[in-house]
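First the structure, in the form of structure tokens, and then the observations on it.
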Amino acid sequence: MQLEFYKYQGTGNDFIMLDNRDKTFKNDTKLIAKLCDRKFGIGADGLILLENPTEAKYDFKMVYFNADGNESTMCGNGGRCIVRFAEQLGVVNNSAFFTAIDGEHQAVITPNEIQLQMKNTATVQQNELGYFIDTGSPHHVEFIENLADFDVYTKGKELRNHAIYSPLKGVNVNFAEIKEGKAYLRTYERGVEDETLSCGTGATAVALVSYLVNKLATCPVQLVTQGGNLNVKFTKTETGYQDVWLSGAATMVFKGEITC
Ligand SMILES: N[C@H](CCC[C@H](N)C(=O)O)C(=O)O
């Protein structure tokens, strides 16, 4: 089978994008894992399907798969990339309104960035290991010194599989350092099973935790990842956070065709 695909990246978190409005692509775990393999396939942190909306009020539906081939929870950088993809396909113009596994999302499209509204979140939970928050995907957050020299892979893998998080099929693990009024973060991603250059729901998690524990008093929060800069704004409520928006660049890298 000849498969036409597009490759996008959102601050270095990279995705295979498929226009699946004709529903010809079947969700095959082994195939998706192979397509995401950086040696035997196209190579990506995840694969995203753009499908026709479930209701006419939406522009499209987003379906997200991690690099391990399994469908997973919300992807913030992937959500920004699918909006840019929808713009390229002519499905949307200056804004988008779509559904994903965690509900509906608004987005604003500008030449340099995509602004994506994330789901409202419950408040941050503190545990013996650090902080936990679900921003569309489950995230562990802890603050460390000298982030640049930290062994994110080893420590991240350990925490991703920690018993405290086993009911959630594990978590994504974010290590953050506050410097010069910004939150620097590195993330070990569940389902990629490695550090990624950026994680959108992770950046959102770090922003909300940093604000809650008074590590940063500013909103919006400026976040620095190895793949680029992100910006998160929000409104704190009694029960958590609303009007949560994740903004940053999302661009097409190349279009291709693969036999599979
Ligand atoms: N790996 C995450 C989903 C993708 C999150 C990340 N790519 C983002 O930008 O939010 C999980 O399975 O919970």
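None of the values given here were measured: they were computed from a predicted structure.
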Ring centers of F254, Y6 separated by less than 6.0 Å: no

F143 with L223, same ILVMFWY side-chain cluster at under 4.5 Å: yes

Donor-acceptor under 3.5 Å (R186 side chain, L147 main chain): yes

T99 and H105: side chain donor to acceptor below 3.5 Å: no

Any residue meeting side chain to side chain donor-acceptor pair (under 3.5 Å) with D243, in chain and number order, not counting sequence neighbours: T235

side-chain contact (heavy atoms from CB on, under 4.5 Å) partners of A33, counting only residues at least two apart: none

T135 and L208, any side-chain heavy atoms less than 4.5 Å apart: yes

Residues in side-chain contact (heavy atoms from CB on, under 4.5 Å) contact with K34, at least two apart in sequence or another chain: none

Test log, rule ring-ring contact (aromatic ring centres under 6.0 Å, His included), inputs F175 and F150: CA-CA 9 Å; F175 300 102; F150 192 73; 4.6 Å; yes

Closest contact, heavy atoms only, C81 versus G10: SG-N, 3.4 Å

Pair S198-N13, side-chain donor/acceptor within less than 3.5 Å: no

Criterion side-chain hydrogen bond (donor to acceptor under 3.5 Å, both in side chains) on T251 and Q9, from CA distance to verdict: CA-CA 6 Å; T251 50; Q9 60 86 12; 2.9 Å; yes

Between T187 and N174, a side-chain donor and acceptor under 3.5 Å: yes

Residues R38, D14: salt bridge by 4.0 Å N-O rule: yes

Pairs involving residues 112-122, ordered by first then second residue, that meet salt bridge (Lys or Arg N to Asp or Glu O under 4.0 Å) (sequence neighbours left out): K119-D134

Within the 6.0 Å centroid threshold, strictly below: Y241 and F234: yes

Minimum side-chain heavy-atom gap L31-L35 below 4.5 Å: yes

Test item: N172 side-chain N/O and R190 main-chain N/O as donor-acceptor pair under 3.5 Å: yes

Given N70, L47, L18, the one that forms side chain to side chain contact (heavy atoms under 4.5 Å, CB included) with I32: L47

Step-by-step side-chain hydrogen bond (donor to acceptor under 3.5 Å, both in side chains) determination, Q242 to T237: CA-CA 7 Å; Q242 65 184 29; T237 65; 5.3 Å; no

Rounded distance (nearest 0.5 Å) linking atom NZ of K30 with atom CG of D68: 13.0 Å

Any donor-acceptor N/O pair, K215 side chain to L212 backbone, under 3.5 Å: no

Neighbour count >12 (heavy atoms, 6.0 Å) for atom CD, E145: no

Beyond-backbone contact of C75 with M62, side-chain heavy atoms, under 4.5 angstrom: yes

Residues in side-chain contact (heavy atoms from CB on, under 4.5 Å) contact with T24, at least two apart in sequence or another chain: N20, D22

Under 3.5 Å side-chain donor-acceptor pair for N127 and Y165: yes

Short N-O contact, K157 and E193, less than 4.0 angstrom: no

Note, V209 side chain near Y211 side chain (heavy atom, < 4.5 Å): no

Which pairs would a plain distance check flag for residues 52-60, meaning a side-chain donor or acceptor within less than 3.5 Å of a matching protein atom at least two apart in sequence or in another chain?
residue	atom	partner	partner atom	Å
N52	ND2	R21	O	3.1
Y58	OH	E104	OE1	2.5
D59	OD2	F97	N	2.7

Within the 6.0 Å centroid threshold, strictly below: H140 and Y131: no

